[in-house]
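Here's the structure, in structure tokens; my notes come after.
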Amino acid sequence: MTRAFITGISGQDGTILAGVLAGQGVEVHGLVRSADEAASHAPALPGGVTLHVGELTDGERISELLAEVRPDEVYNLAGISSVAYSWEHPVQTGLVSGLGAVNVFEAARRLQDGTGRPVRVLQASSAEIFGNPDRTPQDESTRVAPLSPYGAAKAYAHQMAAVFRSRDLHVATVVLYNHESPLRPVTFVTRKITAAAARIAHEGAGTLVLGDLSVRRDWGWAPDYVDAMVRTIRHGRPDDFVIATGRTHSVEEFVAAAMERAGVTDWRDRVSVDPSFVRPAEAAEQVGDASKALAELGWSPTVPFSEIVGRMVDHDLELLRRNG
Ligand code: GDP
């Protein structure tokens, strides 16, 4: 039986991945930071998942856990998930999303060396490693030149993945563009918008305060991106794959689509801009070219933009109806 170890199992992608792997009969283990986090997140996970407490920044603990679990597949999804947060906490971001990933690679390498059994690692990389990209769309050969603390930490981890690959560890990466679902917290602009649209529709009142409405992002459906992770780690050769839809929409277009779905017609009067939500620096547009993933993994996105927005708004409306 295949055994998998997932760091970041309590996040959006980790939760979805645990469900996918458990459905395939994989024995799933996950890393959480505390017993409290384990208790609060366990109900969202499929039965049979084993949670282990540890910090990604504690290399010895990560090595100890991998030696105990002896996984065949290690998915490193943990990290500081929010670009906005990374500007406020650049050191913590580097420690967790940068060095934390290296702790995982090193633990996997030690396990492989110690047991003689192959270990495969999947690093969740990010479009943020390209910063303000010098070409559109971006692909695997685009220059790595991050602009945010989040992007710089992810870039370091991305480059260390290649370093460990040259030491005979099977480390593959997925360069993920924004990918959303109802599991997104409201710190992300998509869920912030769909939750507000549902609230305004439900109460007939309220406002939504955002940052830059003009930025364009390539938004996909998170379960598709998790599927890409599994295909990537099981691909014959450890490699990098851009995972994206190839289409962009502005934040304003996201707001319009969400408000329309919720049935809010006067939304322009309800949306305002607060400069404190505007990032110190970021790309005006990010869009990925996933042709390599299509050619080598048979992967392509399955849910169009309007449907992603619709599913998230419907979920938020349903939550409000259920909770009164
Ligand atoms: P990110 O790409 O991982 O940072 O995902 P987010 O969902 O946090 O942000 C996506 C884009 O939305 C970024 O370009 C933000 O600058 C933009 N944005 C505009 N207004 C807001 C806001 O109020 N909150 C957040 N989180 N992002 C916003």
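One-based numbering, in listed order, for ligands and for the atoms of each.
Within the structure, salt bridge (charged side-chain N to carboxylate O under 4.0 Å, His left out) contacts touching residues 218-229 (residues at least two apart or in different chains) are Asp227-Arg231.
Here Arg135 pairs with Asp139, Ser141 under the side chain to side chain donor-acceptor pair (under 3.5 Å) rule; sequence neighbours left out. Partners of Gln12 by side chain to side chain donor-acceptor pair (under 3.5 Å), not counting sequence neighbours, listed by chain and number: Ser181.
Note on Arg311 versus Glu318: no salt bridge recorded, every NZ/NE/NH1/NH2 to OD/OE distance being 4.0 Å or above.
Protein residues with a heavy atom under 4.0 Å from ligand 1 are Val83, Asn178, Thr187, Phe188, Val189, Lys192, Leu210, Gly211, Asp212, Val215, Arg217, Val251, Phe277, Arg279, Glu282.
Side-chain contact between Arg165 and Asp240: present, with at least one pair of heavy atoms (C-beta onward) separated by less than 4.5 Å.
A donor-acceptor pair under 3.5 Å is formed between the side chain of Arg184 and the backbone N or O of His179.
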